[in-house]
Number of protein chains: 2
Amino acid sequence: MTQAGRRPGGSGTRAAILAAAREQFADKGYGGASLRTIAAAAGVDPGLIRHFYGSKDDLFAAALEVPEEMAELMVRALTGHPDGLGERVLRAYLAVWEDPAMAGPLLAVVRSAVTSERAAERLRTLIGARLLAEVAPHLGPDGDVRAGITAAHLMGIAVSRYVFRVEPVASLDREVLIGVCAPVIQAYLTGPLGRN
Amino acid sequence: MTQAGRRPGGSGTRAAILAAAREQFADKGYGGASLRTIAAAAGVDPGLIRHFYGSKDDLFAAALEVPEEMAELMVRALTGHPDGLGERVLRAYLAVWEDPAMAGPLLAVVRSAVTSERAAERLRTLIGARLLAEVAPHLGPDGDVRAGITAAHLMGIAVSRYVFRVEPVASLDREVLIGVCAPVIQAYLTGPLGRN
DNA sequence: CATAGAATTCCACACGTGTAGAAGTCAACA
DNA sequence: TGTTGACTTCTACACGTGTGGAATTCTATG
C-alpha cells in the first residue's frame, strides 16, 4: 500500500500510539487489548509500537503514567479543613472519574488489575502509598482504618457506576448521590468510629 | 500415552471439568482461562470439554450457575426485621465471600465482567433483578436508591478486600469491619436519606 | 451375544498473539 | 553535500487459542 520510509513533517505517531493504547487498555484491559488493535486504532504500523515503546508491558506502563496527578487532587481534597470534608472528597472523586483524560488510565488500571498482577500492584500503590500514607496521619488514631474504609466505599461507587454500570447507581443524579453519600464519607473520616 | 477409548467405571469427568473451570475462571477471568489449561487442571483431555459442554461460552455459563443460592441468602437477610438489619446483611455478605464454594463463582463473575459482556450482564441481573427487585419495595419510597447504594458500598468492600486485596481493608479483622460499616448499611437501608 | 451410543484420545485447521529483524525513506546535522 | 540516525513498512517465526472431526474402547441396552 503505502511506501515504506519516513514521512515528511513531524508526525505525532508516538503520542497517537499512547492515546490509542490508553483507550484500548481502558475498555478491554491488558489482556484484551492487542498490539495490532492498538496500532490499527492509531492508524499506524504495529512495528512502530515496538520501535517506540519496546514491549507490550512497557507500553502498558507508559499508559498508566497519568494517575499521579489524580492522587494529587484527592490528597488536596482530603487534607483540607474538616468542615465539608465528605462532600469535598466525594466531589473531587466523581470529578476525576468523569474527566475522560483521567478516567481512561483509571479504567485501564481497574480493568487490568483483575488479571495483570502488575496492574493490581499499581492500584495498591495508588491507594496505599499515596492516599493512605499522606492522609491517614491527619485523621488521628485509626486513621488508616478510616482512610481504608472510605477508599473501599468510594471504589464501590466507581466500580458500580463507571465500570460495571449497575443500576440504579449508574444513572443516579450526581447531586443525589452526593447528598446521600457525602455525610457517610464525612462520618467515616471524622465521626465516631463504629458502634460504641 | 494412555490408550484412547472409554475408561472402566463411572468417572466423574464432567464434574471435574466444571470444578476446574470454576477455579480457573475465578482467578483469571473468562479471557485468561483457556480450555487447555482447564482440561489440564482437571486431568482430562481438552476434547472432553467440547464433548460435555460444547463451547467455551457454554462452559462459562455452567460455571456461573451457582450464585442463585447466594442471592437467596442475601434476600433472606435483607427482608427480615429492621432491627439489626445492617449487621445481619453485612454478616451474610461476608459469609458468602468467605465460603469458597460461593466465592468462586462470584470471583469468576467479577473477574470476567470487566471483559465479557455476558458476565457483566450476569452481574447486573444478579444485583438488579434479584436483590433490587425483591428488596427495594420493602424499603419504602426511595427503596431502589437505598438498595442500590447499599449494593455499591458492599461491592466496594468485596472488591477491595477479596479481589484487589487493597490494604488495610484486606486484612482488617472481620468484627472491626462489621462494627464500623454495619451502622452505615443500616442507615442506608432504614435511616434518613442524605442531608435535609 | 450383538449392537448402539457414550466416553476418551489424538490430529488438524485457521486464526490471533507478541516478538524479531531486514529493508526502505526521509530529516537533520557536519 | 554527505552521512548518520530516526522513522516506517513488510515479512516471518513460534506459540497458544477455540473449534472440528476421525478413530478407539468401553458401557448399556436389546
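- The residue among A:Ala33 and A:Gly47 whose nearest nucleotide of DNA chain C lies closer to the 5′ end is A:Ala33.
- Atom-to-atom, CD of B:Gln24 to P of D:dG16 comes out at 15 Å; the value is rounded to the nearest Å.
- Using a distance-only test at 3.5 Å, with no hydrogens or angles considered, a donor-acceptor pair links the side chain of B:Arg111 to the main chain of B:Ala26.
- Among the heavy atoms of the strands, none lies under 4.0 Å from A:Ala39.
- One can place CD1 of A:Ile38 at 10 Å from P of C:dT17, the figure rounded to the nearest angstrom.
- Ranking C:dA6, C:dC10, D:dG18 by closeness to the B:His51 side chain, first place goes to C:dA6.
- Between B:Lys28 atom NZ and D:dG16 atom P the separation is 13 Å, expressed in whole Å.
- In this structure, of C:dT19, D:dT19, C:dT8, it is C:dT19 that holds the atom nearest to the side chain of A:Ser55.
- Candidate nucleotides D:dC10, D:dC7, C:dT9 were compared by shortest atom distance to the side chain of A:Asp45, and D:dC10 ranks first.
- Nearest nucleotide to the B:Arg50 side chain, out of D:dG20, C:dT19, C:dA7: D:dG20.
- Remark: C1' of C:dA20 and CG of A:Leu35 are 13 Å apart, rounded to the nearest angstrom.
- Contact between the side-chain N/O atoms of B:Ser34 and the OP1/OP2 oxygens of D:dT17 is found at a separation under 4.0 Å.
- Residue B:Arg36 contributes atom CZ, which lies 15 Å from atom P of C:dT9 at whole-angstrom precision.
- Side chain of A:Arg22 to main chain of A:Ala63: a donor-acceptor pair is present (N/O by atom type, distance under 3.5 Å, no hydrogens or angles).
- Rounded to whole Å, atom P of D:dT9 lies 12 Å from atom CD1 of A:Ile49.
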Let me check something: any side-chain donor-acceptor pairs from residues 148-163 of chain A under 3.5 Å, sequence neighbours excluded? List them with distances.
{"from": "A:Thr150", "atom 1": "OG1", "to": "A:Arg146", "atom 2": "O", "distance (Å)": "2.7"}
{"from": "A:Ser160", "atom 1": "OG", "to": "A:Gly156", "atom 2": "O", "distance (Å)": "2.8"}
{"from": "A:Arg161", "atom 1": "NH1", "to": "A:Val169", "atom 2": "O", "distance (Å)": "3.0"}
{"from": "A:Arg161", "atom 1": "NH1", "to": "A:Leu172", "atom 2": "O", "distance (Å)": "2.8"}
{"from": "A:Arg161", "atom 1": "NH2", "to": "A:Leu172", "atom 2": "O", "distance (Å)": "3.2"}
{"from": "A:Tyr162", "atom 1": "OH", "to": "A:Glu98", "atom 2": "OE2", "distance (Å)": "2.7"}

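- Taking atom OH on B:Tyr53 and atom C1' on D:dG18, their separation rounds to 18 Å, with Å as the unit.
- For the pair B:Tyr188 (side chain) and B:Val145 (backbone), a donor-acceptor distance under 3.5 Å is absent.
- The pair A:Glu121-B:Arg165 does not meet the salt-bridge criterion, since no charged nitrogen lies less than 4.0 angstrom from a carboxylate oxygen.
- Applying the 4.0 Å criterion to OP1 and OP2 of D:dC7, one finds that A:Thr13 has every side-chain N and O outside that range.
- If you check D:dG18, D:dT17, D:dC7 against the side chain of A:Leu48, the one that comes closest is D:dC7.
- Distance from the side chain of A:Lys56 is smallest for C:dG18 among the nucleotides C:dG18, C:dT8, D:dT9.
- Spacing between atom CZ of A:Phe60 and atom P of C:dG18 amounts to 13 Å, rounded to whole angstrom units.
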